[in-house]
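Written out below as structure tokens is the structure these notes cover.
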Amino acid sequence: MNLRHTTPVLTALLSLAASITLRAGDVSKTVTTTESTRYFFGLLDHRSSYGQGILPEPMIIDETDAESEIRLDWFHAKAGAARTDEAKIELEKNFGPVTFEFEVPYEREATEEGVVQGVGNISIGVRTAVFQYVSPSSLVDTTFGVGFEAGIPTTSQVSKNAEYVPKIFNTLRIGSHLSLQSIAGYSILSGPGEDSGLHMFEYGFIFGCTFQHEELPIPGVQQFIPMFEVKGEKQLNHGESHNSVIANAGFRVNLKAIGSLQPRLGVGYVFPMNEVAREDIHHGIYTSLVFEF
């Protein structure tokens, strides 16, 4: 055999074998990487966008995402001659998928009969993800979680009863734009007065559509997120059962970061969705300013 003609053939065969080996190594590495994304007994997934600040923050329903932030909210509503104002400050801190929260509200209601006002229940809560699924292409990303909130009464005019609310929630992201967050809780009041022992089923949904700066180039805005929320409260005892449902149509704008803080401004128009809710609110404006850190 002529070695002059054989050497190029052997070189080509060796190159082919090396290429196949490298590709096999890449496949093996890919499989290993896919398997290693699961953690916490295989229930959670490192690829999940939960806790990455991608989901829009609710206004009228309880939050579901894992976050570290300081939040200031103000809600003004009207129902006939009645005027309701509620301001609150909230601090949240997350440790991985677990978020702790502390909230202090101030409420004022003015009617023809007079004014009732004061610091509302001081709320302490915790929530955590318990299961996540992310599709191979990351098109679908969903997280299931649980939470608990306790409201400590301040004995003011608007805060007489303690409240305990165990919750379950889900976050769903589809693609890079659409998201749906849902939450359900069982509220129990205890303490003095006629509301003691009251049980309520609380639920809410928030639909969001996120536009990046490249898609909607508004100066100073990283993301613009139109959103629509629905919040319901169904009384389960103490007389006739009723279901109050309100909605909020608004938006969030996630602004460019200021150092380690990212400001997020939200504005929404709140309105009743059934006759029961119309007894308490005809329309209202919700504003929210968040500083994520």
Side chains of [X] and [Y] only: does a donor on one sit below 3.5 Å from an acceptor on the other?
X      : Y      : answer
Asn237 : His199 : no
Ser49  : Arg173 : yes
Asn254 : Gln223 : yes
Glu233 : His242 : no
Thr64  : Gln181 : yes
Thr99  : Lys93  : no

Between CZ on residue Phe102 and CG on residue Leu91, distance to nearest 0.5 Å: 8.5 Å
Rounded to the nearest 0.5 Å, how far does OG1 of Thr142 lie from CG of Leu172? 5.0 Å
Between [X] and [Y] (salt bridge meaning N to carboxylate O under 4.0 Å), is one present in this structure?
X      : Y      : answer
Arg71  : Asp73  : yes
Arg127 : Glu149 : no
Lys167 : Asp62  : yes

Take Thr210 and Ser176 through the side-chain contact (heavy atoms from CB on, under 4.5 Å) test and state the conclusion after the steps. CA-CA 7 Å; Thr210 301; Ser176 59; over 6 Å; no
Donor-acceptor check, side chain of Gln157 to backbone of Gln117, threshold 3.5 angstrom: yes or no? yes
Counting distance only, does the side-chain N/O of His177 pair as donor-acceptor with the main-chain N or O of Phe211 below 3.5 Å? no
Please tell me if the side chains of [X] and [Y] come closer than 4.5 Å, counting only heavy atoms from C-beta onward.
X      : Y      : value
Ser179 : Thr171 : no
Ile152 : Ile124 : yes
Ile122 : Thr154 : yes
Gln132 : Tyr50  : yes
Leu289 : Trp74  : no
Tyr164 : Phe148 : yes

side-chain contact (heavy atoms from CB on, under 4.5 Å) involving Gln222 - partner list, sequence neighbours excluded: Lys256, Gln262
In this structure, is the centre-to-centre distance between the rings of Phe251 and Phe224 below 6.0 Å? yes
Are Tyr203 and Phe201 near enough that their ring centres are under 6.0 Å apart? yes
Salt bridge (Lys or Arg N to Asp or Glu O under 4.0 Å) with Glu292: which residues, sequence neighbours excluded? Arg264
Phe131 six-ring face occupied by Arg38 cation (under 6.0 Å, within 45°): yes
Is there a chain of hydrophobic side chains (I, L, V, M, F, W, Y, each step under 4.5 Å between heavy atoms) that links Val290 to Ile206? no
Evaluate side-chain contact (heavy atoms from CB on, under 4.5 Å) for Leu43 paired with Val130, printing each intermediate quantity in order. CA-CA 7 Å; Leu43 296 175; Val130 295; 5.9 Å; no
